[in-house]
Amino acid sequence: MSAGSAGQFPRDRLPEVAFLGRSNVGKSSLINALTGHKGLAFTSNTPGRTQTINFYRIDGAFYFVDLPGYGYARAPLRVTLEWKKLIEHYLESRGTLRLSCLVLDSRRGWMENDLLLKRWLEDKGSEYLVIATKIDKLNQSEQEHGLRKIRQATTGRGAREIWQAITKTLQPR
Ligand SMILES: Nc1nc2c(ncn2[C@@H]2O[C@H](COP(=O)(O)OP(=O)(O)OP(=O)(O)O)[C@@H](O)[C@H]2O)c(=O)[nH]1
Ligand SMILES: [Mg+2]
């Protein structure tokens, strides 16, 4: 099921796992790899392939939700803003969303928009998973370096939570 607006989201209240990330990182390919259906989600060499929110019902039990990628510089601004609105609306209001998979290209690691999204998910207290793709494009030492850098940002999360707790106790009563 493909939704270009919130009115078209499924209404059967099944739990959802969403795939988020920059354009072309491999979100749709990942859905195909996980389900073992090569042609299930459309993939393309051209960034900006997925332009609607696509819901794939798996075994009648849950949905994999393929979201349009962000950060595609060549998309017209109007389109970029529309996607942003649709993605934000989905993330903010979707009660059935159980897990967000934040997909990163292992060659690039964390980009500005990824960090913003990660922080946003943490502020909301949402469950999320960080997934690195295209590891096959790196050699052994690049793989180690790339994955270490990706993990670094996830360890920062602990520090943030400690600071949150500290500032909370320091607030005047
Ligand atoms: N080598 C390699 N190529 C990959 C991998 N994952 C995806 N690709 C390729 O990367 C390109 C983009 O993949 P998509 O799955 O369409 O990316 P997407 O994140 O869905 O992109 P948008 O829909 O534009 O947001 C395609 O040419 C894929 O074949 C991977 O793990 N390794
Ligand atoms: Mg896609």
Side-chain angles (χ1 to χ4, degrees), residues 1-6 8-10 14 16-58 62-92 94 96-121 126-154:
M1 182 184 285
S2 189
S5 68
Q8 297 168 332
F9 294 169
L14 290 175
E16 292 175 359
V17 178
F19 294 83
L20 294 152
R22 283 184 322 108
S23 213
N24 206 240
V25 291
K27 300 174 292 300
S28 301
S29 304
L30 179 60
I31 289 179
N32 291 342
L34 290 173
T35 56
H37 282 273
K38 264 197 172 152
L40 185 64
F42 284 116
T43 65
S44 168
N45 265 325
T46 322
R49 174 66 259 189
T50 308
Q51 309 196 348
T52 50
I53 298 188
N54 295 304
F55 296 83
Y56 299 98
R57 194 163 59 196
I58 313 292
F62 61 92
Y63 284 102
F64 274 171
V65 185
D66 191 11
L67 289 130
Y70 46 78
Y72 171 42
R74 271 193 299 170
L77 181 64
R78 182 182 53 81
V79 174
T80 307
L81 292 176
E82 262 167 36
W83 292 351
K84 187 166 181 278
K85 232 171 75 187
L86 190 62
I87 296 170
E88 278 174 359
H89 179 81
Y90 174 83
L91 288 174
E92 269 167 23
R94 198 66 176 160
T96 45
L97 176 61
R98 293 292 153 74
L99 179 66
S100 298
C101 295
L102 181 39
V103 185
L104 305 180
D105 183 331
S106 53
R107 295 170 300 179
R108 290 168 182 264
W110 293 97
M111 308 282 282
E112 186 70 28
N113 283 334
D114 303 320
L115 289 167
L116 282 173
L117 179 59
K118 170 176 162 297
R119 202 160 127 194
W120 191 83
L121 291 167
S126 308
E127 289 283 342
Y128 73 94
L129 202 63
V130 179
I131 300 173
T133 57
K134 307 198 183 184
I135 199 84
D136 56 293
K137 296 208 177 202
L138 300 178
N139 67 33
Q140 183 76 29
S141 76
E142 287 169 337
Q143 285 185 13
E144 281 162 24
H145 178 74
L147 291 181
R148 200 177 320 122
K149 286 203 77 174
I150 285 171
R151 285 202 191 93
Q152 266 167 12
T154 27

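Every number for a ligand or one of its atoms is a count from 1 in the order of the listing.
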Problem - Protein residue, atom and distance nearest to atom 24 (O) of ligand 1, heavy-atom basis - result: Gly48 N, 2.7 Å
Practice task
Examine distances only and state if a side-chain atom of Gln143 and a backbone atom of Ile135 form a donor-acceptor pair shorter than 3.5 Å.
Solution key: yes
Practice task
Give the residue, atom name and distance (to 0.1 Å) of the protein heavy atom nearest atom 22 (P) of ligand 1.
Solution key: Asn24 N, 3.7 Å
Problem - Which of the ligand 1 atoms, numbered from 1, are nearer than 4.0 Å to a heavy atom of Val25 - result: 19 (O)
Completion exercise
The reported gap from CG in Leu99 to OH in Tyr128 (rounded to nearest 0.5 angstrom) is 11.5 Å
Handout entry: Which of the ligand 1 atoms, numbered from 1, are nearer than 4.0 Å to a heavy atom of Gly69
Key = 25 (O)
Problem - Polar contact flag for Lys27 and ligand 1 (N/O pairs, less than 3.5 Å) - result: yes
Problem - Nearest heavy atoms of Ala3 and Phe9, plus distance in Å - result: CB-CD2, 3.6 Å
Practice task
Would you check if there is a donor-acceptor pair between the side chains of Ser29 and Thr43 at a distance under 3.5 Å?
Solution key: no
Exercise for the section: Among all protein heavy atoms, pick out the one at the shortest distance from atom 23 (O) of ligand 1; state its residue, atom name and that distance to 0.1 Å. Expected result: Thr50 OG1, 2.7 Å
Practice task
For residues Phe19 and Lys27, report the shortest heavy-atom separation together with the two atoms involved.
Solution key: O-CD, 3.7 Å
Handout entry: Test of proximity, Lys137 against ligand 1: N or O pairs below 3.5 Å
Key = no
Exercise for the section: Would you mind checking which non-hydrogen protein atom is closest to atom 8 (N) of ligand 1, with the distance to 0.1 Å? Expected result: Lys134 CE, 3.6 Å
Practice task
Look at Ser28 and state whether any of its N, O or S atoms is less than 2.8 Å from the Mg ion (ligand 2).
Solution key: yes
Exercise for the section: Kindly identify the option in Ser44, Ala132, Gly26 whose heavy atom sits closest to atom 11 (C) of ligand 1. Expected result: Ser44
Problem - Within 6.0 angstrom of Glu92 CD, more than 12 heavy atoms from elsewhere - result: yes
Exercise for the section: Indicate yes or no: at least one non-hydrogen side-chain atom of Tyr90 is less than 4.5 angstrom from one of Glu16. Expected result: yes
Completion exercise
for atom 27 (O) of ligand 1, nearest protein heavy atom and its distance come out as Asn45 OD1, 3.0 Å
Handout entry: Crowding at CZ, Arg108 (>12 non-hydrogen neighbours, <6.0 Å)
Key = no
Exercise for the section: Say whether Ser29, considering both its backbone and side-chain N or O atoms, lies within less than 3.5 Å of an N or O atom on ligand 1. Expected result: yes
Exercise for the section: Please confirm whether Ile135 comes within less than 3.5 Å of ligand 1 when only nitrogen or oxygen atoms on both sides are compared. Expected result: no
Practice task
Indicate, as side chain, backbone, both or neither, the part of Asp136 found under 4.0 angstrom from ligand 1 when only non-hydrogen atoms are considered.
Solution key: side chain
Handout entry: Under 3.5 Å donor-acceptor, Ser106 side chain and Gly146 backbone
Key = no
